[in-house]
Amino acid sequence: MFGVYVTHPQVQIDPDVPVPKWGLSAVGRERAVITAALPWVRSLGRIVSSDETKATETAQLLAEAAGVTVEVHHDMGENDRSATGFLPPPEFEKAADWFFAHPTESFRGWERAIDAQTRISEAVFRVIEGHDPKVPIAFVGHGGVGTLLKCRLLGAPISRAADQKGGGGGNVFAFRLADRTVACDWTPMEHWQGI
């Protein structure tokens with residue numbers, strides 16, 4: 001069976017609200033609702049989410065369709081960027097480029113990419129180790145750490161080349177639970193048909 005990593009779709013950006021507390025925008029919510037109606041979502045036996053508002057809102061919409069409850073895992077959160085706080089989108093993209101290009105260094109106090117990769121990978125692997133591989137499972141979180149997890153699963157160096165394309169998130173990649181092999185690249189959540 002498969003595991004899938006789902007990135008939250010578009011969020012309501014508010015510079016006065018801490019980034020982990022941002023919720024889904026109307027567009028993001030609509031995309032998650034469309035996705036929740038897909039057959040692969042209804043096949044999920046388990047959904048594990050980071051504790052960020054945008055992730056838990058996405059996970060809840062998927063969980064309602066799957067008939068399961070959301071499990072929250074605190075170690076699945078996005079890379080800690082609290083040292084800089086909110087960065088306007090063009091500035092953030094430059095910072096993200098630097099973050100991925102220098103994985104063993106900290107961008108202005110951010111959590112290092114190598115540390116965030118270890119954290120997300122260990123969290124996901126701990127869940128998988130105690131999970132029935134015959135039951136499809138979804139992990140819901142942030143695209144940055146999702147990319148770091150994908151690089152680990154691929155056995156590839158950390159690189160933004162492995163990142164989801166622009167557009168505000170809302171993508172999935174899948175991997176086989178039996179051997180943790182990546183089975184499909186980032187695909188818009190509402191277009192993925194399962195494996």
Side-chain angles (χ1 to χ4, degrees), residues 1-12 19-78 119-150 152-154 162-165 167-195:
M1 281 294 149
F2 66 89
V4 61
Y5 189 91
V6 182
T7 67
H8 65 79
Q10 287 86 345
V11 298
Q12 187 63 49
V19 174
K21 299 296 182 190
W22 287 354
L24 294 177
S25 68
V27 170
R29 180 169 294 281
E30 180 181 356
R31 291 185 66 206
V33 167
I34 291 168
T35 301
L38 297 173
W40 70 265
V41 173
R42 291 190 301 275
S43 75
L44 294 170
R46 197 168 174 197
I47 297 176
V48 184
S49 175
S50 78
D51 60 359
E52 301 148 298
T53 302
K54 54 201 168 232
T56 57
E57 288 178 355
T58 304
Q60 188 58 45
L61 291 166
L62 302 180
E64 288 169 9
V68 299
T69 57
V70 176
E71 301 171 42
V72 174
H73 200 304
H74 301 289
D75 288 338
M76 283 181 46
E78 63 189 302
R119 178 175 50 76
I120 185 67
S121 299
E122 287 179 356
V124 168
F125 295 165
R126 275 195 306 272
V127 171
I128 292 172
E129 284 165 12
H131 179 73
D132 181 349
K134 297 183 191 96
V135 178
I137 184 171
F139 296 90
V140 183
H142 183 68
V145 292
T147 297
L148 297 172
L149 172 65
K150 183 179 159 213
R152 173 66 58 87
L153 291 169
L154 290 169
D163 199 5
Q164 58 184 346
K165 302 304 174 226
N171 292 286
V172 303
F173 79 83
F175 56 95
R176 291 192 296 268
L177 289 172
D179 59 8
R180 301 181 187 174
T181 299
V182 173
C184 84
D185 203 353
W186 291 116
T187 304
M189 63 193 314
E190 64 271 42
H191 297 157
W192 193 62
Q193 298 301 313
I195 55 173

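What you see is a predicted model; the values in this text were computed from it and never measured.
Two residues are said to be in side-chain contact when any heavy atoms from C-beta on lie closer than 4.5 Å; Pro9 and Leu24 meet this criterion. Lys54 is listed as a side-chain neighbour of Val19, based on a closest heavy-atom distance under 4.5 Å. Trp192 is not listed as a side-chain neighbour of Asn171, based on a closest heavy-atom distance of 4.5 Å or more. Looking at heavy atoms from C-beta onward, Asp75 lies in side-chain contact with Arg126 at the 4.5 angstrom threshold.
Relative orientation of the Phe139 and Phe175 rings is parallel, given thresholds of 30° and 60° on the angle between their planes. Ring pair Trp186/Phe173 is perpendicular by interplanar angle, where above 60° counts as perpendicular and below 30° as parallel.
Rounding to the nearest 0.5 angstrom, the gap separating the CG atom in Leu44 from the CE atom in Met1 is 11.0 Å. In this structure, CG in Leu149 is found 10.0 Å from CZ in Arg180, a value given to the nearest 0.5 Å. Distance check, rounded to the nearest 0.5 Å: CG of Leu62 to CD1 of Ile47 gives 5.0 Å. To the nearest 0.5 Å, atoms CD (Gln10) and CZ (Arg29) are separated by 13.0 Å. Rounding to the nearest 0.5 angstrom, the gap separating the CD atom in Gln164 from the OH atom in Tyr5 is 9.0 Å. Separating the CE atom in Met189 from the NE2 atom in His8 is a distance of 10.5 Å, to the nearest 0.5 Å.
Glu64 CD: more than 12 foreign heavy atoms inside a 6.0 Å radius.
In this view, Ala162 and Thr147, Lys150, Cys151 satisfy the side chain to side chain contact (heavy atoms under 4.5 Å, CB included) rule, not counting sequence neighbours.
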- prompt: Run the side-chain contact (heavy atoms from CB on, under 4.5 Å) check on Ile195 and Trp40 step by step: do they pass?
  reply: CA-CA 8 Å; Ile195 55 173; Trp40 70 265; over 6 Å; no
message: Determine whether Arg46 and Val127 satisfy the following criterion, side-chain contact (heavy atoms from CB on, under 4.5 Å), listing intermediate values before the conclusion.
response: CA-CA 10 Å; Arg46 197 168 174 197; Val127 171; 3.8 Å; yes
task: Check the pair Ile120 / Met76 against side-chain contact (heavy atoms from CB on, under 4.5 Å), numbers first and verdict last.
output: CA-CA 5 Å; Ile120 185 67; Met76 283 181 46; 3.8 Å; yes
